[in-house]
Amino acid sequence: MKTYKTMIRNNNSKINRKRIYFLFILFLIGFSIIIYKVVSIQYIHAIKYKSYADYQHKNENIVSSKRGKLMDRNGTELAVSLIEKTVYANPKMIADIDYESKALAEVLNFDTEYIREKLEKKELGFVYIKRQVDAETAELINMLNLPGVYVRDETKRYYPQGELAASIIGFTGLDNSGLSGIELEYEKYLRGVDGRQIFEKDVFGKIISGGENSYIQPINGSDITLTIDSQIQFITEQRLKKVVLDYNAARAIAIVMNPDNGEIYAIASYPGFDLNDYQNYDPELYKNFGISFTYEPGSTFKIINVATALDNNCVGFEQMFSLHPSIKVGDRVIKEIFRTYNINYSVKEIIQNSSNVGAVTVALSMGEKIFWEGIKKFGFGEVTGIDLPGEEKGLFYDYKTWPASTIGAMAIGQNISVTPLQLIRAVCCIANGGYLVTPYIVSEIELQNSKIELQQLKEKNSIISKITAEAVKDMMLAVVENGTGKRAQIEGISVCGKTGTAEKANRSGRGYDEGRVITSFIGFAPFDDPKAAIIVVVDEPHGGTNEIWGGTVAAPAFKDIMEFSLKKLGVCE
């Protein structure tokens with residue numbers, strides 16, 4: 001009996017020890033798990049959990065920087081930034097999706113389901129509800145005190161002059177980034193650097209007074225001054241509108257430029273668009289046609305032809321030519337527009353009367369290589385380097401690939417495509433004594449503690465001699481005084497110019513369409529000391545027989561723009 005009891009006690013003792021060991025092991029395991037969790041939270045995943053805590057207890061708002069202003073040369077504001085309100089939400093902090101969706105939809109006049117979809121995106125910590133709302137609406141939302149819904153300041157671009165210089169200025173998107181024009185080209189200067197506001201919040205998203213709050217000041221963008229004169233730009237746009245409406249034209253383009261240094265007073269085209277409502281216009285109108293519209297220049301190109309021939313001594317300044325009413329070059333016959341008889345013309349009279357046969361004769365005296373090299377010197381086939389996006393370089397092929405008829409066609413401004421800016425830049429060489437200038441449209445950038453003046457220096461290496469430039473200048477004066485450009489005359493001012501009327505190529509790419517023409521006029525004034533050079537291009541004007549010419553359609557518009565520009569520049573009263 002005693003032995004049996006002893007055995008039972010021994011068995012119980014073993015069982016108790018096993019229980020103790022088991023509990024001890026459980027304790028060790030539990031303790032190890034706790035230690036692991038502590039180490040994991042405090043050390044291994046400390047950054048992760050700290051970020052969770054910061055996210056729950058701190059909020060960070062972007063404080064939008066103010067985009068720099070754009071101003072014309074006289075300080076007139078062309079683009080400014082206004083403060084608008086933006087409504088956004090943190091879906092992770094939304095307390096009642098049904099209630100908050102309905103409340104926001106009612107105030108913002110949105111569909112409830114649209115807002116619900118945004119608030120249900122729990123994987124996101126930030127969603128826009130509506131951007132650029134008015135102050136009254138923003139105040140109503142603040143009064144609702146909806147958990148997870150916030151209102152912050154954001155800048156909105158505004159263009160005080162509406163349509164004025166729209167394709168030059170360009171516009172910004174909802175994120176305040178430049179999308180076209182100067183807004184795009186000078187984005188890094190205009191944009192600025194956003195600031196930040198960090199504050200502690202309670203479980204309902206309310207700011208804790210006296211918490212660890214901080215504020216990083218935004219750095220506003222730089223103000224930029226353009227070379228544009230708003231008044232010249234306005235008159236130019238209005239005159240283009242008139243010529244388009246008068247002649248039912250597809251469009252009209254004009255550039256006003258300082259021939260001495262390349263600064264641009266105006267680049268305009270009609271039809272245009274309103275910068276404050278650009279979304280409702282055809283995106284085709286966003287283009288700056290002064291630098292992107294390519295066309296065959298027609299008779300205005302005869303200036304380049306004659307200047308190159310004179311500068312290379314291929315023809316003499318007083319040389320006379322016996323001209324037939326037509327001339328064959330390769331497989332093509334080129335005719336005069338009106339003349340059906342032989343005539344003797346000097347080089348000056350060829351330009352004055354815009355003789356096609358005379359221009360071809362001058363080009364043939366040079367040969368293909370010299371003519372091609374001269375055209376290259378004037379900058380054709382290359383961008384001008386203006387500080388605007390979207391510039392085209394036109395089409396100009398190497399003379400080694402020319403068919404036999406090309407030199408004749410190019411002599412009268414065909415088989416080459418140019419932009420209005422390329423052509424006015426080339427003609428400025430005649431006005432300024434023979435050198436190319438780089439066109440530019442930004443004159444000054446105002447940084448935080450300094451200013452950058454971007455006025456370009458004149459290129460000192462002439463592309464033609466001063467004697468050649470003066471001779472062609474005389475010819476262009478004769479065009480306006482006694483030739484095809486009489487309608488460009490301004491009382492009391494000696495104007496130099498050249499008319500152009502070019503048939504447009506067929507849409508098939510072969511031959512020309514007699515019913516579609518481009519009329520143009522290019523020139524500068526005053527004769528003695530040119531202060532402004534202007535080109536006017538009118539695309540597909542319509543009218544009666546003998547009404548649609550460069551001298552009848554484009555020259556009067558040139559005259560009005562030039563007369564106002566010279567008054568504005570203080571040349572005449």
Side-chain angles (χ1 to χ4, degrees), residues 229-249 251-259 264-270 290 297-300 302-303 351-354 420-421 423-424 427-428 430-431 472-502 517-539 541 543 546-573:
D229 185 295
S230 290
Q231 293 182 41
I232 295 176
Q233 180 76 27
F234 176 77
I235 292 299
T236 303
E237 290 180 5
Q238 292 301 303
R239 192 59 184 83
L240 294 183
K241 179 179 180 179
K242 183 178 187 304
V243 75
V244 167
L245 296 179
D246 287 349
Y247 290 95
N248 191 26
R251 68 174 54 84
I253 306 159
I255 299 173
V256 185
M257 180 173 167
N258 183 334
I264 302 292
Y265 297 130
I267 301 182
S269 61
Y270 184 86
S299 293
T300 53
K302 292 171 183 174
I303 300 168
I351 293 294
Q352 176 182 316
N353 298 298
S354 200
L421 183 62
L423 194 55
I424 190 67
V427 170
C428 282
I430 309 301
V472 178
K473 208 168 151 185
D474 285 338
M475 298 174 194
M476 294 177 68
L477 180 64
V479 170
V480 177
E481 291 187 343
N482 303 302
T484 58
K486 291 179 181 178
R487 298 193 188 191
Q489 293 176 359
I490 299 173
E491 186 177 351
I493 299 290
S494 297
V495 177
C496 301
K498 181 69 188 79
T499 56
T501 306
V517 298
I518 294 178
T519 63
S520 59
F521 192 93
I522 191 167
F524 47 84
F527 171 82
D528 293 327
D529 184 16
K531 296 299 183 184
I534 297 174
I535 183 170
V536 175
V537 179
V538 184
D539 184 19
N546 292 331
E547 286 185 4
I548 306 303
W549 304 98
T552 56
V553 176
F558 169 95
K559 172 194 172 181
D560 293 343
I561 297 168
M562 178 62 82
E563 190 169 21
F564 181 84
S565 298
L566 293 179
K567 287 178 180 178
K568 189 69 175 63
L569 295 171
V571 176
C572 58
E573 295 182 359

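When a residue number appears, it is its place in the shown sequence, counting from 1.
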- [ ] Could you check if a side-chain atom of Thr499 sits within less than 4.5 angstrom of a side-chain atom of Ser520, using non-hydrogen atoms only?
- [x] no

Open item on the list: Before you tell me yes or no, could you show the steps for Val427 and Ile303 under side chain to side chain contact (heavy atoms under 4.5 Å, CB included), namely the whole-Å CA-CA distance, both residues' side-chain angles and the distance that decides it to 0.1 Å?
Closed with: CA-CA 8 Å; Val427 170; Ile303 300 168; 4.2 Å; yes

- [ ] Answer yes or no: is there a side-chain heavy-atom contact under 4.5 Å between Ile548 and Tyr247?
- [x] yes

- [ ] Any chance you could lay out the side chain to side chain contact (heavy atoms under 4.5 Å, CB included) test for Trp549 and Thr519, step after step, and finish with the verdict?
- [x] CA-CA 6 Å; Trp549 304 98; Thr519 63; 5.6 Å; no

- [ ] Rounded to the nearest 0.5 Å, what's the gap from CD on Glu481 to CG on Asp474? Could you check?
- [x] 9.5 Å

Open item on the list: If I take atom CE from residue Met476 and atom CD from residue Gln352, how far apart are they, to the nearest 0.5 angstrom?
Closed with: 13.0 Å

Open item on the list: Once rounded to the nearest 0.5 Å, what's the spacing between atom CD of Gln231 and atom CD1 of Ile235?
Closed with: 8.0 Å

Task: CD1 on Ile493 to NZ on Lys567, rounded to 0.5 Å - done: 10.0 Å

Open item on the list: Could you measure the distance from the CZ atom of Arg251 to the CD1 atom of Ile518? Nearest 0.5 Å is fine.
Closed with: 9.0 Å

Open item on the list: Given 3.5 Å as the limit, does a donor-acceptor pair link the side chain of Thr552 with the main chain of Glu547, or not?
Closed with: yes

Open item on the list: I'd like to know if the side chain of Lys498 pairs up with that of Ser354 as donor and acceptor (distance under 3.5 Å, no hydrogens or angles considered).
Closed with: yes

Task: Any donor-acceptor N/O pair, Gln233 side chain to Ile267 backbone, under 3.5 Å - done: yes

Task: Lys473 side chain near Pro530 side chain, heavy-atom distance below 4.5 Å - done: yes

TODO: Indicate the atoms forming the closest heavy-atom contact of Gly551 with Pro556, along with that distance.
DONE: O-CD, 3.9 Å

Open item on the list: Any non-hydrogen side-chain atom of Phe558 less than 4.5 Å from a side-chain atom of Arg487?
Closed with: no

TODO: State, yes or no, whether a side-chain contact exists between Ile253 and Asp539 at a heavy-atom distance under 4.5 Å.
DONE: no

TODO: Flag yes if more than 12 heavy atoms outside Phe234 fall under 6.0 Å of its CZ atom; otherwise flag no.
DONE: no

Open item on the list: With a 4.5 Å cut-off on side-chain heavy atoms, are Phe524 and Ile430 touching?
Closed with: yes

- [ ] Grab the two heavy atoms, one from Leu569 and one from Ala532, that are nearest each other, plus how far apart they are.
- [x] CD1-CB, 4.2 Å

Task: Nearest non-hydrogen partners of Phe521 and Ala554, listed with the distance - done: N-CB, 3.6 Å

Open item on the list: Tell me if a side-chain donor or acceptor on Thr300 pairs with a main-chain N or O of Ile522 at a distance below 3.5 Å.
Closed with: no

Task: Donor on one side chain, acceptor on other, Ser565 and Lys568, under 3.5 Å - done: no

- [ ] Would you sort out whether Lys531 and Asn258 count as a side chain to side chain contact (heavy atoms under 4.5 Å, CB included), showing the intermediate values?
- [x] CA-CA 6 Å; Lys531 296 299 183 184; Asn258 183 334; over 6 Å; no

Open item on the list: Using side chain to side chain contact (heavy atoms under 4.5 Å, CB included), reason through Val538 and Val244 one step at a time and then give a plain yes or no.
Closed with: CA-CA 8 Å; Val538 184; Val244 167; 5.5 Å; no

Task: Side-chain heavy-atom pair Leu477, Val479 within 4.5 angstrom cut-off - done: no

Open item on the list: Between Leu566 and Pro526, is there a side-chain heavy-atom distance shorter than 4.5 Å?
Closed with: yes

Task: Exercise: identify the closest heavy-atom pair between Gly550 and Thr501 - done: N-OG1, 2.8 Å

- [ ] Taking all heavy atoms of Gly290 and all of Ile255, pick out the closest pair and write down the distance.
- [x] O-CD1, 3.7 Å

TODO: Calculate, to the nearest 0.5 Å, the distance between atoms CD and CD1 belonging to Glu563 and Ile534 respectively.
DONE: 10.5 Å

TODO: Look at the side chain of Gln489 and the backbone N and O of Val480, then say whether any donor-acceptor pair between them is shorter than 3.5 Å.
DONE: yes

- [ ] Taking all heavy atoms of Ala533 and all of Cys428, pick out the closest pair and write down the distance.
- [x] CB-SG, 3.7 Å

